[in-house]
Amino acid sequence: MELSSPAKINLWLRILGRRDDGFHEVETRLCQIGIADTVRIEQVSSVPGIALTCNVPGIPVDESNLAIKALRAFENKVGKTAGWRIHLEKRIPSGAGLGGGSSNAAAILRGANELTGSPLNLAELLEIAGHIGADVPCFLLHTTAADGTGRGEKVVPVEFSWKLPLVLIKPSFPIPTPWAYQRWRDSQELPGVLYAPQICPWGEMVNSLERPVFEKHRFLPALKTWLLEQKGVRAALMSGSGSTMFAITESGADAGEVAEKAKAWCGDTAWVQPTETLR
Ligand SMILES: C[C@@](CO)(OP(=O)(O)O)[C@H](O)COP(=O)(O)OP(=O)(O)OC[C@H]1O[C@@H](n2ccc(N)nc2=O)[C@H](O)[C@@H]1O
Ligand SMILES: Nc1ncnc2c1ncn2[C@@H]1O[C@H](COP(=O)(O)OP(=O)(O)O)[C@@H](O)[C@H]1O
């Protein structure tokens with residue numbers, strides 16, 4: 001079975017405070033976008049085991065891979081094991097704040113469930129997904145957008161009718177999600193950088209994690225400021241815990257032009273990709 005595993009951006013991510021369990025209470029809107037991995041999953045035998053391959057070196061293919069974590073969690077829930085083969089054809093950059101690993105985990109849950117006669121309902125799949133990662137449940141819903149609360153794992157579907165042209169810019173450095181959250185409370189805003197919500201027809205775009213991440217990675221506030229000065233850019237924001245910065249443009253043509261300028265501005269260190277939100 002072959003499944004598409006889309007990336008996401010966060011149109012907003014507000015941290016409300018730190019919880020007793022060490023996680024942070026958030027309010028976020030996650031929107032799927034037109035960049036996707038391809039996940040292939042098949043049952044190959046009744047002898048228990050998981051063989052995972054991936055086209056990108058550096059992505060772990062051991063038990064730490066979220067795709068394997070998802071399949072293990074699925075088997076534990078249904079109480080059966082089998083021999084599985086999984087292949088990940090990655091296009092989503094890793095450590096990018098685009099939910100690539102989380103999306104792969106959701107695709108594996110969907111695929112394993114379908115291949116075994118759908119023993120689990122959506123609520124059961126969502127419950128498993130929430131224990132794999134905060135960004136996994138949103139990819140199980142039948143809408144391309146979701147609002148997350150709690151750790152981000154409590155999701156409700158959102159009918160999102162905007163097809164927003166985007167430019168994604170991911171610098172060469174990844175940002176570990178735990179690091180960003182842990183530094184949020186004691187972080188400070190840098191002078192002259194826009195952190196305030198950007199009021200748009202599709203919502204108030206803001207990301208609380210910009211404050212800790214921008215303190216350390218000064219390239220990102222400089223990039224955000226530069227993007228907001230470009231013709232045709234309506235808004236710019238970091239996605240999730242970063243390092244991807246995205247700009248929403250007036251048109252697809254503007255997105256293409258800003259992408260070309262961004263490649264020149266960033267040099268060849270960044271991954272630059274025009275795309276759009278799905279609806
Ligand atoms: C929820 C867990 C962990 O307790 O499993 P269960 O214990 O229920 O089974 C899951 O592993 C899932 O946590 P985790 O694997 O860390 O993945 P993510 O949700 O992506 O979070 C990564 C890390 O970012 C930080 N984080 C993330 C989200 C959030 N709202 N607040 C945070 O502080 C935490 O340090 C967290 O450990
Ligand atoms: N299937 C996967 N795809 C990508 N990264 C994965 C996967 N499984 C585990 N990882 C690890 O998770 C981290 C990044 O996860 P990813 O979801 O791509 O980034 P983000 O959470 O920032 O969107 C990296 O440390 C990577 O090694």
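For ligands, and for the atoms within them, numbers begin at 1 and follow the listed sequence.
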Q | Salt-bridge contact E189-R211 (side-chain N to carboxylate O under 4.0 Å) | A | no
Q. Out of G99, P176, G242, whose heavy atom sits nearest atom 23 (O) of ligand 2?
A. G99
Q: Would you check if there is a donor-acceptor pair between the side chains of N207 and N10 at a distance under 3.5 Å?
A: no
Q | Any N/O pair G97/ligand 2 closer than 3.5 Å | A | yes
(Q) Quick test: of every protein heavy atom, which one is nearest to atom 17 (O) of ligand 1, and how far off is it to 0.1 Å? (A) G133 CA, 4.0 Å
Q) Looking at F160, is R279 sitting on its ring face, NZ or CZ under 6.0 Å from the six-membered ring centre and within 45 degrees of the normal? A) no
Q) Looking only at heavy atoms, is any part of A96 under 4.0 Å from ligand 2, and if so is it the side chain, the backbone, or both, or is it neither? A) backbone
Q. When you measure from atom 13 (C) of ligand 2 to each heavy atom in S94, G101, G58, which option holds the nearest one?
A. S94
Q. Is there a nitrogen or oxygen of N104 sitting under 3.5 Å from a nitrogen or oxygen of ligand 2?
A. yes
(Q) When you measure from the centre of the six-membered ring of W226, is the NZ or CZ of K261 closer than 6.0 Å and no more than 45° off the axis? (A) no
Q.
If we set the cut-off at 4.0 Å for heavy atoms, which region of F23 has an atom near ligand 1: side chain, backbone, both, or neither?
A. both
Q) What protein heavy atom sits nearest atom 3 (N) of ligand 2, and how far away is it? A) K90 NZ, 2.8 Å
Q. Can an N or O of L88 be found at a distance shorter than 3.5 Å from an N or O of ligand 2?
A. no
(Q) Which residue and atom name correspond to the protein heavy atom nearest atom 19 (O) of ligand 1, and how close is it? (A) A134 N, 2.8 Å
Q) Within a distance of under 4.0 Å, is there any protein heavy atom near atom 5 (N) of ligand 2? A) yes
Q.
I'd like to know if R29 and D147 make a salt bridge, using a cut-off of under 4.0 Å between side-chain N and carboxylate O.
A. yes
Q.
For atom 27 (O) of ligand 2, what is the closest protein heavy atom, and at what distance to 0.1 Å?
A. P60 CD, 3.3 Å
Q. Nearest protein heavy atom to atom 8 (N) of ligand 2, by residue and atom, and its distance?
A. L66 N, 3.0 Å
(Q) I need the nearest protein heavy-atom contact for atom 5 (O) of ligand 1: residue, atom name and distance, please. (A) H131 O, 3.2 Å
Q. Any N or O on I59 sitting closer than 3.5 Å to an N or O of ligand 2?
A. no
(Q) Is there a polar contact, in the sense of an N or O pair closer than 3.5 Å, between G95 and ligand 2? (A) yes
Q: Please report which non-hydrogen protein atom sits nearest to atom 31 (N) of ligand 1, along with the residue it belongs to and the distance in Å to one decimal place.
A: H24 N, 2.9 Å
Q | Protein residue, atom and distance nearest to atom 15 (O) of ligand 1, heavy-atom basis | A | I132 O, 3.7 Å
(Q) For ligand 2 and N65, I'd like to know whether there is a polar contact (N/O to N/O, distance under 3.5 Å). (A) yes
Q | Shortest protein heavy-atom distance from atom 21 (O) of ligand 2, along with the residue and atom involved | A | T177 OG1, 4.1 Å
